[in-house]
Amino acid sequence: MLNIVLFGPPGAGKGTQSQKLIAQYNLVHLSTGDLLRAQIAQGTELGLTAKKLMDEGLLVPDEVVIGMIDNALQANKETAGGFIFDGFPRTVPQAERLDQLLAQHDSGINCMIALEVGEEELVTRLLERGKTSGRPDDQDVSKIRRRVTVYNTETAQVAGYYAAQNKFHALNGIGPIDTIFGQICALIDQHKPATTDNPAEATREVKA
Ligand code: B4P
């Protein structure tokens with residue numbers, strides 16, 4: 001299994017790059033933002049609670065997003081060749097729980113890739129997306145800046161969690177989308193486990 005965490009502040013390009021990566025590596029895309037927005041669209045109780053927090057640029061409680069990820073892992077475990085985690089984990093307790101959940105499937109995170117983008121560029125991108133996305137959290141500068149602050153105070157420390165496991169890699173998230181995609185692929189290719197699709201690599205792995 002190939003499991004990648006795509007990391008970075010709001011608007012860094014996680015969702016954009018995830019769409020390209022799932023096609024390249026045949027991974028299941030798990031975006032907690034998308035899962036939460038699906039709950040909102042369905043008008044569930046969870047969605048109603050999440051909407052109030054998301055519209056204000058605040059994080060949804062850990063147990064809510066962990067429960068959604070647990071369900072999604074269970075639902076895809078037979079067929080998935082791996083997962084790309086987009087927007088998750090956003091806190092250290094979420095990262096710890098993800099490791100436990102993957103261990104139950106005899107799996108783990110191969111690498112975290114962080115896209116680094118400065119605050120003014122993030123604000124520009126998200127306001128631009130807000131013109132067409134209909135997302136309230138993309139249409140108000142003060143809410144966008146609050147999301148960046150929440151990232152810096154609550155989420156950025158997740159990088160240290162993966163750095164301690166030698167799994168953290170940072171990339172410049174500014175530049176053409178395809179250039180950044182190529183750099184992400186190069187990193188993933190270095191960390192991809194050997195598979196039976198490539199017996200030579202698998203043999204090397206066993207001997208190593
Ligand atoms: P998310 O849905 O994860 O939203 P995001 O971080 O804003 O999106 P992303 O970073 O993927 O956007 P992208 O760069 O692709 O979260 C929304 C909310 O949900 C959170 O605030 C929180 O309330 C809640 N939530 C989600 N997960 C949670 C969790 N685990 N725990 C608690 N709460 C959680 O795109 C941005 C724009 O940039 C696009 O328009 C794109 O076209 C553009 N762009 C991308 N790359 C570019 C490039 N290289 N150059 C120029 N523009 C680019």
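Order of listing sets the numbers, starting from 1, for every ligand and every atom in it.
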Going by the order shown, which atoms of ligand 1 are within less than 4.0 Å of some heavy atom of Gln94?
29 (C), 30 (N), 31 (N), 32 (C)

Measure from atom 17 (C) of ligand 1 to every heavy atom in Arg146, Arg135, Lys143 and give the option owning the shortest one.
Arg135

Under 3.5 Å side-chain donor-acceptor pair for Asn152 and Glu119
no

Which residue from Lys14, Gln19, Arg125, Glu121 reaches closest to atom 53 (C) of ligand 1 through any of its heavy atoms?
Arg125

I need the single residue from Val158, Asn3, Leu187 that forms a side-chain contact (heavy atoms from CB on, under 4.5 Å) with Met112. Which is it?
Val158

Could you list the atoms of ligand 1 found under 4.0 angstrom from a heavy atom of Ala12?
10 (O), 14 (O)

I need the atoms of ligand 1 closer than 4.0 Å to a non-hydrogen atom of Gly87, numbered in the order shown.
27 (N), 28 (C), 29 (C), 30 (N)

heavy-atom search around atom 19 (O) of ligand 1 in the protein gives Met54 CE, 3.2 Å

So, regarding Gly175 and ligand 1 (criterion: nitrogen or oxygen to nitrogen or oxygen, under 3.5 Å), is there a contact or not?
yes

Residue, atom name and distance, where the atom is the protein heavy atom closest to atom 39 (C) of ligand 1
Arg129 CD, 3.9 Å

Check each atom of ligand 1 against the heavy atoms of Arg37 and keep those under 4.0 Å away; list them by number with element.
2 (O), 17 (C)

Judged on heavy-atom distance to atom 32 (C) of ligand 1, which of Val60, Thr32, Val158 sits nearest?
Val60

Do Lys52 and Glu56 sit within salt-bridge range, that is, some charged N less than 4.0 Å from a carboxylate O?
no

Counting both backbone and side chain atoms, is some N or O of Asp138 under 3.5 Å from an N or O of ligand 1?
no

Yes or no on side chain to side chain donor-acceptor pair (under 3.5 Å) for Glu154 and Thr91, after CA distance, side-chain angles and deciding distance?
CA-CA 6 Å; Glu154 298 181 47; Thr91 63; over 6 Å; no

Ranked by distance from atom 25 (N) of ligand 1, the top protein heavy atom is Leu36 CD1, 3.6 Å

Of the listed options (Arg90, Lys51, Arg147, Lys52), which comes nearest to atom 16 (O) of ligand 1 when hydrogens are ignored and any heavy atom counts?
Arg90

